[in-house]
Structure formats: C-alpha cells, structure tokens
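Counting convention: from 1, in listed order, for ligands and their atoms alike. The figures here come from the full heavy-atom set of this structure, side chains too, leaving out hydrogens, waters and symmetry mates. If you read the sequence from its start, that first residue is 1, and numbering goes on from there. Because the structure is a prediction, the values reported are computed rather than measured.
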Amino acid sequence: MPEDSVIALILAAGAGTRMKSAKPKVIHEVLGTPLIRLVVQSVIAAGCQRVLTIVGHEAQTVIEALPIGVQSVFQHDRTGTAKAVLTAREALKGEDGYLLVAYGDMPLLRPETLRLLVDVCKDKAMAVLTASVDNPSGYGRIERDALGAIVGIIEDKDATSEQLGIHEINTGIYCFALDGLWERLQRIGNDNAQSEYYLTDMVEVCRAEGAEVASLQLNDPTEAHGVNSRVQLAEVAALLQQRVNARWMAEGVTMLAPDLVWVSPDSELGSDVVIHPMTFVTQKSVVGDGVQLGPSTRLVNSTVGAGSVIEESKVVDSIIGKNCDVGPRSYLRPGTVLADHAKVGASVEIKKSVIGAGSKVPHLSYLGDTTVGPDVNVGAGTITCNYDGEHKYPTEIGAGAFIGSDTMLVAPVRVGAGATIGAGSVITDDVPDRALGLGRARQVNKEGWVAAKGEDGRTRSDDEYHNEQKGA
Ligand code: UD1
Ligand code: MG
C-alpha cells in the first residue's frame, strides 16, 4: 500500500428493487451482519483511513446501520455511478491520495484484494478490478488492445454482439488518484442506452488525456459477487459461511457438518472447539479452547470460557466461565454470568443473574435478577418470583445454600449462606445463614381413606368417606 492516504467511497444510493423488500438492500444481512457493514469492515481492514458512503434510497435506515465514524453524503439525482462519486466532491475537498470506490452490496471483497488494487493504482490515474467469469451477462465488459491495455468498459446494454462475447467483466470496484478526479468526472456525459452518467467512462476520459489505466484481475471471482436479489443474498451468505468456516477449521476447530454451522465474521473461536450441527455463533461472540457447542445451539454476543459444553441451548448477551455445563434446552438471557464450573442443566431459564462457581441449577428452573453464591444447589423446579406485574425485585442466595425442589422464592428475598430450604416451600421472608426455611402446608394423612374395593372395584368418593367417618 502506498504511503499516500486512501479514502474509501461506498456507493449505496440505489433502490435495490429486485430484493422486493421494504428495507434498503444494503442493510439485508449475511451471517447476521448488514451487507454494507461487511464492506466497511473490508475497506477499513484494507487500510482506508476514512470511509464515506453515498446514500439515497431510505438514506436514514442505511445511515443507522453504519458503524460509528463512517460519514455519509446524500445523493439527490441518482443518475448513474459517475454522478454518485461526484456527490462526494464537497466532503472530500482538500483531500489527496487515492479514492477506493466500492459498492455497498458486495460483501465478499477481501481486504488483501483491495490493498493490491490500491498498489497497482500507484502513480496512475485509475485502476479497475476485473474478473473472468463464465457468465458475464449483465456486467460491463473489459475491452483491451493487442498489448493488453484496457481501452474501455462497455455496459451490457450498450455492447455489440461481439463485445457481449467478452468474459472479462468490470467488478465495479476501482481506485482513483484524487488528483484530477473531479475534473475528469465532470467530463463524463450520459449519451448511452440508459442515459446515465457511467463511471466506467472514466477509462476513456483518462486515455484521452494520455493517462494510464491499470487493472487487477481477481483470482477468485466469487469476491465480486454482489447482491441484487434474495437468491444472490443466499448465495453470498453461503460463500461467506464457507470462507469463515474454512478459516476456523484451519485454526483447529472441528465442525461435524460445516454447512450446518454459522459463525459470524466478528466472532472468535479457540482451538479444539467442536461445533455440532445447527449451531449459530453470532454477533461478537468469543468461544474458548476446547468448548463444545451444539447440536442446535444459538450463541448471541456471548463469551464462553475454555472447556465448557453447551448443548441445544440459546445464550444471549451472557458470559459463561470455564468448564461450565449448559443444556440441553436451556435459555440464558441477557445479563447472565456463570462463574467457572457452574452447571445449568435441562430446561432452565436464567435472566440477568450471576451463578457462582461450582453452583448447580440442574433442572426446570427460572432464575431472574438473582445472585447465587458459590457451591449452591438449586433444586428442580425452583422459581424466583421476581415480578409483581409492575416491578422486578432481586433474589440473593448465599454460598453453599441448598434450595429444595419446587421452591418459590418471592423477591425481594435473601437466602443466607449455608441455609437449606425445604422442598415445595414458598419463601417470602429472608432466611438467616445456616437456617432451615420451610414455607408450605403441613401434610394431612387420612387413615383408611381408600376403601376396600367392592365387587365392582369402585373406590369411594371424598363425600362418602366423610359421611362414613361421621357415622352416617
Ligand atoms: C455497474 C458498472 C458495470 C459493472 C457492475 C458491477 C457502471 C456504469 N456500470 O453496473 O460496468 O459490471 O456495476 O456490478 O458503473 N449507485 C448509486 N448512485 C447512482 C447509481 C448507482 O449510489 O446514481 C450505486 C448503486 O446503489 C449500486 C452501485 O452504485 O450499489 C452500482 O450501480 P448500478 O446502477 O447497479 O450499476 P450496474 O448496472 O450494476
Ligand atoms: Mg445494477
């Protein structure tokens, strides 16, 4: 990369009508990330110091999807790609160096490729990224002279049948020297089949000046796959999924069926992680060494410590320590923290709670707004009643406490360290350290209630029993 500054300009003003969507095309997601964000990440990774987007259709929605620090300029007359670039003129006043132009709907471009394109542009007026493809229809075709120099880019709609036979296409990605760019852009007209101001005409403008046009051909043409329809959205998503998964497998992750594993580009996986089918690792998740995920697990923006096992569960905005056990079929909601060696077993829901080191919530429980100390056992069916219909209240369970099965902890309430709660209790008052808390109806046994069965095998009703006791 040259030492000169490189600014990225991402075109995203188009309507994307073929998506047949209420939302703008560039905010449709692949692997949970809006298309335009992936493009922004790629140009930043390529070394661009400043990123500008051209917005138009549903501009506000597009702007909201952009990472902080990315500027946008509104394009009023959307009359072609040359006009789109010209829209940035005011915002880029006084800048020099190079301008890297990319599209908001092309999320597969590798930063290395973009860096190379800037390199080949060095001391040239422009460089074009091209690709050789089997089916060039719809794309601009690259025309070269006998020496291989680019002499023009012909749009599909303007091409002769001979030109339509060219398989080298214009990806629409360029690098321009900022010096002279704005004057050149103003020389582009709209005398063509679509009456649009074509950015591709820059090739002719440069050549008319005697300025050289450089080019770079993609080794991997899939990098230039863009999204114009839902089918292409699925294709691009599958390509990105393959690329991300191949990278992690190369880093020592086992995927039992890589087609059924989705890892977001922003997530990190440790070595010897094993991922079973139908598992999603999304947003910014971090998975430690030796973790086992899945089958059927969804991790959203969460951290999992080394050696933990999560099976058939959903984990959102949570932090799981080392050597924890979660699932099957549990749901850790935002704000859940499991300290090391904690266990959350089958069909447990936890929200905004801390579970202490070595503590266990093995079966069928709900804990919300709860702080559980270390080495606590929470019996099956325990529920924190943390909501009175208006407010949420906290529950605290001290270190080493034992909560009997089917306990209702009516918050706000505190169970002291080392305390025991009898099974089936409804606990409404604090329980002191090491005390036994009981809150349940006493058992009544009705001796002889079950009658000796008559010839018809009938068991007597409650009323019949009472009448008999009264001597009726
Ligand atoms: C363009 C290229 C074509 C290339 C193809 C690759 C031109 C004239 N043609 O064609 O050679 O093979 O890309 O995909 O450039 N946009 C704006 N404002 C506008 C017009 C377009 O922001 O006024 C944006 C669109 O949102 C889109 C991108 O620019 O992201 C490309 O525009 P589009 O009109 O779709 O160009 P193509 O016909 O695809
Ligand atoms: Mg198009």
*What atoms in ligand 1 come closer than 4.0 Å to a heavy atom of T171?*
6 (C), 14 (O)
*Relative to the heavy atoms of G140, which atoms of ligand 1 are at a distance of less than 4.0 Å?*
3 (C), 4 (C), 11 (O), 12 (O)
*asked:* Between S285 (side chain only) and S302 (backbone N and O only), is there a donor and an acceptor less than 3.5 Å apart?
replied: yes
*asked:* With nothing but distance in play, are any N or O atoms of A13 less than 3.5 Å from an N or O of ligand 1?
replied: yes
*What are the atoms of ligand 1, with element, lying closer than 4.0 Å to any heavy atom of T79?*
23 (O)
_I'd like to know if R187 and E209 make a salt bridge, using a cut-off of under 4.0 Å between side-chain N and carboxylate O._
yes
*Is A12 touching ligand 1 with its side chain, its backbone, both, or neither, if touching means heavy atoms under 4.0 Å apart?*
backbone
*Quick one: which ligand 1 atoms are inside 4.0 Å of a heavy atom on E155?*
2 (C), 3 (C), 7 (C), 8 (C), 9 (N), 10 (O), 11 (O)
*Do T160 and Q163 have side-chain N/O donor and acceptor atoms under 3.5 Å apart?*
yes
*What do you reckon, does K83 put a non-hydrogen atom under 4.0 Å from ligand 1?*
no
_Side chain, backbone, both or neither: the part of Y139 lying under 4.0 Å from ligand 1 by heavy atom_ = both
*asked:* Out of all atoms in ligand 1, which are within 4.0 Å of some heavy atom of L11? Include the element for each.
replied: 22 (O), 24 (C), 29 (O), 30 (O)
*Report yes or no: does a heavy atom of G80 sit under 4.0 Å from some atom of ligand 1?*
yes
_Least distance between heavy atoms, M106 atom then A224 atom_ = CE-O, 3.7 Å
*Examine D77 against ligand 1 and note whether any of their N/O atoms are separated by less than 3.5 Å.*
no
*Go through ligand 1 atom by atom and flag the ones less than 4.0 Å from a non-hydrogen atom of T81.*
7 (C), 8 (C), 15 (O), 20 (C), 21 (C), 29 (O), 31 (C), 32 (O)
*Is a side-chain donor-acceptor pair under 3.5 Å present for R144 with S215?*
yes
*Between atom CD of Q283 and atom CG of D266, what is the distance when rounded to the nearest 0.5 Å?*
9.0 Å
*Consider every N or O of G104 and every N or O of ligand 1, then say whether any pair is closer than 3.5 Å.*
no
_Short side-chain donor-acceptor distance under 3.5 Å, S21 and H28_ = yes
*Do the side-chain N and O atoms of N190 and Y198 include a donor-acceptor pair separated by under 3.5 angstrom?*
no
*With heavy atoms of R78 as the reference, note each atom of ligand 1 found under 4.0 Å away.*
23 (O)
*Decide side-chain contact (heavy atoms from CB on, under 4.5 Å) for W262 and M278; before the verdict, give the C-alpha distance in whole Å, the side-chain angles of both, and the deciding distance to 0.1 Å.*
CA-CA 8 Å; W262 292 265; M278 293 310 295; 4.1 Å; yes
*Is the shortest N/O to N/O distance between E196 and ligand 1 below 3.5 Å?*
no
*Report yes if some N/O of Q75 lies less than 3.5 Å from some N/O of ligand 1; otherwise report no.*
yes
*In Å, rounded to the nearest 0.5 Å, how long is the span from NZ of K93 to CG of L178?*
14.5 Å
_Element-labelled atoms of ligand 1 that are located less than 4.0 Å from some non-hydrogen atom of Y198_ = 8 (C)
*Any chance the side chains of N170 and Y174 put a donor and an acceptor closer than 3.5 Å?*
yes
